[in-house]
Amino acid sequence: MPVPMSYTEIAADLTARIQAGEYPAGSKLPSYNELATLYSVHFATIARVMALLRDRGVVLGSPGRGTFVPD
């Protein structure tokens with residue numbers, strides 16, 4: 001069984017996906033639960049990833065609406 005990615009590795013992967021255009025500017029990212037399933041990690045790990053990406057300005061969170069790629 002493979003070892004799950006660390007939160008920093010997931011953050012780097014999501015950043016690369018955004019830069020590659022998989023998630024273009026203005027688009028909504030998958031939910032925390034969907035990302036947790038995608039990366040085979042706990043919900044709390046994804047919450048930590050999103051906090052890191054928000055701090056870096058890679059994504060914007062909108063309570064009750066989701067997480068978006070800034071324009």
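Here the straight-line distance linking atom CZ of Arg17 with atom CG of Asp13 works out to 4.5 Å at 0.5 Å rounding. One distance of note links CD1 of Ile10 with OG1 of Thr45; it measures 6.5 Å at 0.5 Å rounding. Rounded to the nearest 0.5 Å, atoms OG (Ser27) and CZ (Phe68) are 9.0 Å apart. Taking CG from Leu29 and OH from Tyr23, the interatomic distance works out to 6.5 Å, rounded to the nearest 0.5 Å.
In this structure the side chain of Leu14 reaches within 4.5 angstrom of the side chain of Met50, judged on heavy atoms. The shortest distance between side-chain heavy atoms of Tyr39 and Pro4 does not fall below 4.5 Å.
Minimum interatomic distance between Arg54 and Gly61 (heavy atoms only, all atoms of both residues): CD-N, 3.8 Å. Of all the heavy atoms in Val59 and Pro70, the pair that sits closest is CA-CD, 3.8 Å. Gly66 and Lys28 get closest at one heavy-atom pair: CA-CE, 4.0 Å. Nearest heavy-atom pair, Asn33 versus Phe43, reported as atom, atom and distance to 0.1 Å: OD1-CD1, 3.2 Å. Residue Tyr7 comes nearest to Leu52 through the heavy atom pair CE1-CD2, 4.0 Å, listed as atom of the first residue, atom of the second, then distance. Nearest approach of Val41 to Met5, heavy atoms of both residues: CG1-O, 3.9 Å.
Criterion: ILVMFWY side-chain heavy atoms under 4.5 Å apart, direct or through other members. Under it, Leu60 and Leu35 are not part of a common hydrophobic cluster.
Looking at Ser31, its side chain does come within 3.5 Å of a backbone N or O of Glu34 through a donor-acceptor pair.
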